[in-house]
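These notes concern the structure reproduced below.
Residues take their numbers from the sequence shown, with the count starting at 1.
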Amino acid sequence: MKYIHISDLHLGKRVNEYPMLEDQEYILKKIIHIIDEEKPDGVFIAGDIYDKSVPPAEAVQLFDDFLVRLAGRGLQVFVISGNHDSPERIAFGSRLMDRSGIHLSPVYDGNIRPVVMEDAYGEINVYMLPFVKPAHVRRFFEEEEINTYTDAMRVAVAQMNIDRSTRNILVTHQFVTGAQRADSEEISVGGTDNVDVTAFEAFDYVALGHIHRPQSCGRETVRYCGTPLKYSFSEAGDCKSVTIVELLEKGNVLVRTAQLIPRRDMREIRGSYEEITRKSFYENTTYQEDYIHITLTDEEDIPHALGKLRAVYPNLMKLDYDNRRTRESREISGAEDVENKSPLRLFADFYELQNNQPMSDAQKTYVEELIEKIWEVEQ
């Protein structure tokens, strides 16, 4: 039995105020193309379908179109809600959609029944567990001691009464201890949302969502597929993909990936303003189409730099500086004697503290003239 594992679509997301819906529509078509090439039996969508619990109408329409395409190919599709989703909205119409092979996780009620599939090696039980917190599980099992996310996961799994002699799959959305995060994810203080990988021992494959980088946790068959798109510049060097899982006889699971090429990539450029606006530099790259983070190394701020750079890099998302001013963090002390210092000297001291470098002669002359004009008006 072959499955495609995807998650964390975050439909409707904006990155640095840029809407990503066109990019998301493009990448979903690429996923459909991979599905047509691989011809899987099922698709796992492991949570965070939307970026917000109340998604924009365009995001809902895009996901609806994606599900229709999957259903039209006769696939069994398993969709769960993540921490960004509304479980009630994801669950809407689930009993009707079951008939089309689209299985939507219901709101957690303590009773999870598997969807049973069958191939030449026997039955495969697919369990869908949406994102849950300890309080969600404790509500239905008050007699159990549930204080941590690991406790909640162990109790939820124990109630499934899993037959370990058959092949079992879990689709869930949690943070497994040790997984490498990216800047685009929500982070709980102190790692309180950690789930120990041993909670998943009963499963032949665990299709995880929540972490944006593709990776396995503890063993190859407990896996995050990652996001289909890059959602922060901390992921600029990552390679996005879908995970392809093949279950043969019990104990024999094959895992591989298929790369996803986005419509626009995320890239980081570093250098002086003169260097990165040189025609010979940007004409020989694809940077003009990609989403860009530029770090300027000029010691002086470039006036109206963002607007000027967007004339060359129209999808410039982020601009910052790396120079002496930004590398050091200095505090202004109020203990110094200021009564005997001239206004020019006070301003020069303040400038140096803020910028980690003294004023130039031209700047001093300008400030001195400005101070004289202010005094003339006040007199």
Side-chain angles (χ1 to χ4, degrees), residues 13-23 182-184 229-238 262-336 338 340-379:
K13 186 177 182 64
R14 299 176 71 89
V15 178
N16 294 305
E17 299 307 314
Y18 274 69
M20 301 297 291
L21 207 63
E22 287 186 2
D23 300 83
D183 290 348
S184 54
L229 290 172
K230 301 173 184 179
Y231 288 135
S232 75
F233 284 103
S234 68
E235 302 166 62
D238 293 355
R263 180 185 181 196
R264 300 183 185 92
D265 206 348
M266 273 192 168
R267 300 184 186 273
E268 295 185 296
I269 305 174
R270 175 187 174 88
S272 68
Y273 178 81
E274 181 182 355
E275 289 170 342
I276 65 177
T277 56
R278 193 178 296 137
K279 193 173 182 180
S280 59
F281 174 81
Y282 65 77
E283 279 195 343
N284 292 326
T285 69
T286 61
Y287 293 166
Q288 288 176 289
E289 296 298 323
D290 293 335
Y291 294 120
I292 301 296
H293 168 208
I294 290 178
T295 300
L296 291 176
T297 57
D298 303 84
E299 290 298 333
E300 300 290 339
D301 286 359
I302 306 298
H304 312 294
L306 190 62
K308 291 176 180 177
L309 287 168
R310 278 187 174 153
V312 180
Y313 305 97
N315 293 314
L316 172 60
M317 279 188 168
K318 185 178 179 182
L319 173 66
D320 55 25
Y321 285 83
D322 182 17
N323 52 30
R324 282 182 293 176
R325 172 174 58 84
T326 60
R327 284 187 215 115
E328 298 180 21
S329 177
R330 302 172 67 182
E331 295 182 358
I332 300 174
S333 171
E336 295 184 18
V338 298
N340 297 322
K341 291 185 178 181
S342 68
L344 176 61
R345 182 58 189 166
L346 288 171
F347 188 89
D349 289 348
F350 176 77
Y351 179 92
E352 187 169 352
L353 285 166
Q354 288 291 93
N355 297 279
N356 296 312
Q357 58 183 334
M359 295 170 63
S360 66
D361 291 339
Q363 289 172 323
K364 288 180 181 178
T365 300
Y366 175 78
V367 172
E368 189 172 20
E369 292 174 355
L370 188 61
I371 290 172
E372 289 177 358
K373 288 181 180 178
I374 293 171
W375 279 357
E376 287 175 4
V377 171
E378 289 183 350
Q379 291 173 355

Practice prompt. Might you point out which heavy atoms bring Pro303 and Lys308 nearest each other, and give the distance in Å?
Written response: O-NZ, 3.1 Å
Fill in: NZ/NE/NH1/NH2 to OD/OE distance under 4.0 Å, Arg264 and Asp23
yes
Item to complete: Quick one: pull up CG in Leu316 and CD1 in Ile294 and give me the separation to the nearest 0.5 Å.
Response: 4.5 Å
Item to complete: First locate atom OH of Tyr351, then atom NZ of Lys364, and finally report the distance between them rounded to the nearest 0.5 Å.
Response: 11.0 Å
Worksheet entry | Heavy-atom pair with the smallest gap, counting every atom of Leu229 and Pro262 | CD2-CB, 3.9 Å
Worksheet item: For Tyr18, which residues count as a side chain to side chain contact (heavy atoms under 4.5 Å, CB included) partner, sequence neighbours excluded?
Response: Tyr291, Arg310, Asn315, Met317
Item to complete: Would you indicate whether Glu289, at its atom CD, is surrounded by more than 12 heavy atoms from other residues, nucleotides or ligands within a distance under 6.0 Å?
Response: no
Practice prompt. Identify which one of Asn323, Ile276, Asp301 satisfies the side chain to side chain contact (heavy atoms under 4.5 Å, CB included) criterion when paired with Leu296.
Written response: Ile276
Worksheet entry | Pairwise distance CG(Leu344) to CG(Asp349) - rounded to 0.5 angstrom | 9.5 Å
Fill in: Option passing side chain to side chain donor-acceptor pair (under 3.5 Å) with His293 (candidates Lys318, Arg267, Glu268)
Glu268
Worksheet item: Can you tell me how far OG1 of Thr365 sits from CE of Met359, rounded to the nearest 0.5 angstrom?
Response: 8.5 Å
Item to complete: Could you tell me which residues satisfy side chain to side chain contact (heavy atoms under 4.5 Å, CB included) with Glu274, sequence neighbours excluded, listed by chain and number?
Response: Ser272, Arg278
Worksheet item: If we ignore angles and hydrogens, is there a donor and acceptor under 3.5 Å between the side chains of Ser232 and Glu235?
Response: yes
Worksheet item: Heavy-atom count around Asp361 CG within 6.0 Å, excluding the residue itself: above 12?
Response: no
Response to the item:
Nearest heavy-atom contact between Met266 and Lys230 is CE-O, 3.7 Å
Discussion item. If the test is side chain to side chain donor-acceptor pair (under 3.5 Å), which one of Asp322, Thr297, Thr295 qualifies with Arg270?
Written reply: Asp322
Worksheet item: Does Tyr366 offer a backbone N or O that forms a donor-acceptor pair with the side chain of Glu369 under 3.5 Å?
Response: no
Worksheet item: Would you say the side-chain atoms of Lys13 pair up with the backbone N or O of Met20, donor to acceptor, closer than 3.5 Å?
Response: no
Discussion item. If you compare all heavy atoms of Asp298 against all heavy atoms of Tyr273, which two are closest, and at what distance to 0.1 Å?
Written reply: OD1-N, 2.8 Å
Worksheet item: Of the non-hydrogen atoms in Glu22 and Arg263, which two are nearest, and what is the gap between them?
Response: OE1-NH1, 2.7 Å
Worksheet item: How long is the gap from OH on Tyr313 to OG1 on Thr277, to the nearest 0.5 Å?
Response: 7.5 Å
